[in-house]
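Take a look at the structure set out below.
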Amino acid sequence: MKAHLLPLFGILALVALLRPLPAAALDEATTRLARDIFQQLIEINTTDSVGSTTVAAEAMAKRLLDAGFAREDVTVLGPNDRKGNLVVRFHGSGARRPILIIGHLDVVEARREDWTTDPFKFVEKDGYFYGRGTQDMKVNDAVLITTLIRFRRENYRPDRDLIVALTADEEGGKSNGVDWLLKNHRDLIAAEFVLNADSGGVTTVKGKPVNLDVEASEKLYADFEVRATNPGGHSSLPVPDNAIYHIAAALGRLERSPFPFELNPVTHTYFERRAALEMGQTAADMKAILRTPADAASIKRLSADARYNSLTHTTCIATMMTAGHAPNALPQLAQANVNCRILPGHTAEEVRLELVRIFADPKIGVRYVDDARNVYNVTPEKKAFPTILPPDEILKPLARIADEMWKGVPVIPSMETGASDSVYTMAAGLPSYGVNGVAVDQDDIRAHGKDERVRVTSYYDGVEFYYRYIKALTSPQ
Ligand SMILES: [Zn+2]
């Protein structure tokens with residue numbers, strides 16, 4: 001094994017010395033258009049606190065209208081004047097049912113004092129574009145609008161309608177645009193399947209592409225309130241029964257009780273393909289967990305890495321805690337929030353009952369908390385959708401274009417361990433796949449963080465990627 005790996009190491013070392021180069025050169029007009037759109041989007045504040053997705057949606061609508069889109073095909077609509085969503089339809093021949101492509105316009109809050117540059121100024125520096133949304137995900141909103149305008153400029157005629165929806169409140173807030181559109185304007189976004197440009201993407205190491213992810217599955221998000229109450233009393237006369245101790249002991253048991261290891265068709269394929277890119281112990285462990293039965297020592301070693309742990313387990317973790325009402329009183333109440341990310345195929349209620357079993361304390365109540373912070377004794381029907389591998393229709397052109405653009409880079413189906421708007425489209429019965437072609441270095445993930453940035457070349461590659469991929473999906477077969 002080692003002898004074979006050595007020359008490969010040599011090649012990787014050489015490649016690592018090269019500066020990252022764009023995979024495909026765009027013409028000048030497209031480059032300028034792509035850059036202008038990106039800049040415009042970054043400089044419109046779309047945070048939940050003070051921003052407006054409507055302003056961004058209208059700016060993009062204007063660009064589409066100026067490029068020749070018909071009025072009736074470009075709509076900005078939403079539940080209130082600050083949470084507008086853009087829906088645009090690019091007409092095809094109608095030979096096949098439409099494709100819906102979604103992206104969110106809102107961004108996470110960013111404070112000027114935390115950043116080196118102004119988060120709402122588009123800054124190009126040292127080969128990167130900086131600004132809030134350069135990774136998550138105005139970068140791909142800009143890619144999508146650029147792609148539509150390119151298609152329009154060249155009078156491209158797809159064999160099916162393309163619907164692009166750029167929406168509000170993916171990052172939180174009360175007006176999730178995808179949810180709202182599905183509930184109020186389902187006809188406007190009816191499609192055969194959904195591409196979500198918020199997930200997937202190219203993983204690079206120091207600018208060198210390693211793999212292209214396609215998100216094919218998603219964990220289920222659930223919060224639980226863990227609560228102990230007590231009559232309390234004077235702290236000079238303590239009794240053994242203490243609400244804080246109950247919660248502390250329960251959380252200790254949770255820490256020592258991981259949920260079982262489990263693979264599904266998507267994560268199975270993920271580790272199979274990922275193993276081929278890894279070396280040494282990690283590669284061996286990835287192969288060993290695919291066997292039946294999976295190797296326990298390998299599971300243990302891989303699970304020490306938070307990413308691999310979250311891909312192979314339902315996780316529940318304490319995220320908030322409040323207790324007591326005075327420094328000199330016994331606590332009458334102690335409670336914690338336990339946040340769970342549930343593997344597909346399991347329900348939130350199943351996990352709630354498992355928490356009750358792990359805590360093994362009749363004094364502790366475990367209740368489900370929804371996004372609006374309503375509390376339920378029994379979890380309302382909430383289930384992670386079973387995973388299916390993306391069909392060839394999705395994967396084959398993806399593999400071909402990945403190979404054209406980033407020679408030999410494998411496409412790896414993955415499971416999102418966080419949550420995206422695909423949770424709504426999947427719940428509505430629309431198969432949803434996370435696809436985009438923007439590369440981010442494995443160790444440079446700055447989404448939601450400070451000094452968010454994307455490589456200039458990665459952005460333009462992402463522009464070219466979507467153009468080619470949508471063409472492949474919409475060209476007469
Ligand atoms: Zn996002």
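Counting starts at 1 for both ligands and their atoms, following the listed order. Along the sequence shown, residues carry numbers from 1.
- For the Zn ion (ligand 1), the N/O/S atoms of D198 include one lying under 2.8 Å.
- Residue contact annotation: E170 places no N/O/S atom under 2.8 Å from the Zn ion (ligand 1).
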- How far apart are the C-alpha atoms of N176 and H104, what are their side-chain angles, what is the distance that settles it, and do they pass the side chain to side chain donor-acceptor pair (under 3.5 Å) test? CA-CA 9 Å; N176 182 279; H104 63 86; over 6 Å; no

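- Of the residues listed (T46, D48, D106), the one engaging K83 in a side chain to side chain donor-acceptor pair (under 3.5 Å) is D48, and it is the only one.
- D136 contributes atom OD1 as its closest N/O/S atom to the Zn ion (ligand 1).
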- I would like to know whether N339 and T319 meet side chain to side chain donor-acceptor pair (under 3.5 Å); could you show each step before the answer? CA-CA 6 Å; N339 179 246; T319 53; 5.8 Å; no

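- The one candidate from Y460, Y130, F122 that meets the ring-ring contact (aromatic ring centres under 6.0 Å, His included) condition with F38 is F122.
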